[in-house]
Amino acid sequence: HQELGSNQEILDFWNQQFPEATFPIFAQGSLHDNPVYQRLQQHLPHDHVQHNFFKYLVNANGVAVQLFHKRQNPLSLKRDILQLIHEVEGEQDEPFFTPDEE
């Protein structure tokens, strides 16, 4: 949990500190109850799916194919991302993506 206290305590604090805010506030939830994370865990049964700061590589069919630690630099995923893009391009007549030259 990133917030301390119950949902009601958080809402009471929010209402007291920011009474002018009119947008809805999300409640805390369990990672294990979240349908997105449940699906990721189904796709990656040998990996321990963790919180939202981890990175998940998802193919063109919406299937998670790889999990990366939260401390992994997103730029280091370029090769894996390009590999998935090339797999998709092999299935299409037109290029799916043309990366910028460095």
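Because the structure is a prediction, the values reported are computed rather than measured.
Between Ala64 and Leu40, the shortest heavy-atom distance links the atoms CB-CD2, 3.6 Å. Heavy atoms only, all atoms of each residue included: Val65 and Leu84 are closest at CG2-CD1, 3.9 Å. The shortest non-hydrogen separation linking Gly5 to Ile10 is O-CD1, 3.9 Å. Contact record, Asn34 with Val36: OD1-N, 2.7 Å, taken as the closest heavy-atom pair.
For the atom pair Phe54 CZ and Tyr37 OH, the distance stands at 10.0 Å (nearest 0.5 Å). To the nearest 0.5 Å, atoms CG (Asn59) and CD1 (Ile81) are separated by 13.0 Å. Note that CD of Gln38 is 12.0 Å distant from NE2 of His43, once rounded to the nearest 0.5 Å. In this structure, CD in Glu20 is found 10.5 Å from CG in Asn15, a value given to the nearest 0.5 Å. Interatomic distance, NE2 of His86 versus CG of Leu82, reported as 5.0 Å (0.5 Å rounding).
Phe13 and Leu11 are members of different hydrophobic clusters when ILVMFWY side chains are connected at heavy-atom separations under 4.5 Å. When the side chains of ILVMFWY residues are joined at heavy-atom separations under 4.5 Å, either directly or via intervening members, Leu67 and Val58 end up in two distinct hydrophobic clusters.
In this structure, Gln41 contributes its side chain and Asp47 its backbone to a donor-acceptor pair below 3.5 Å. Looking only at distances, no side-chain donor or acceptor of Asn61 sits under 3.5 Å from a matching main-chain atom of Val63. Within the 3.5 Å criterion, the main-chain N or O of Leu57 finds no donor-acceptor partner in the side chain of Gln66.
A donor-acceptor contact under 3.5 angstrom links the side chains of Asp12 and Gln8, judged on distance only.
Atom NE2 of His69 sits in a crowded spot, with more than 12 heavy atoms from other residues, nucleotides or ligands closer than 6.0 Å.
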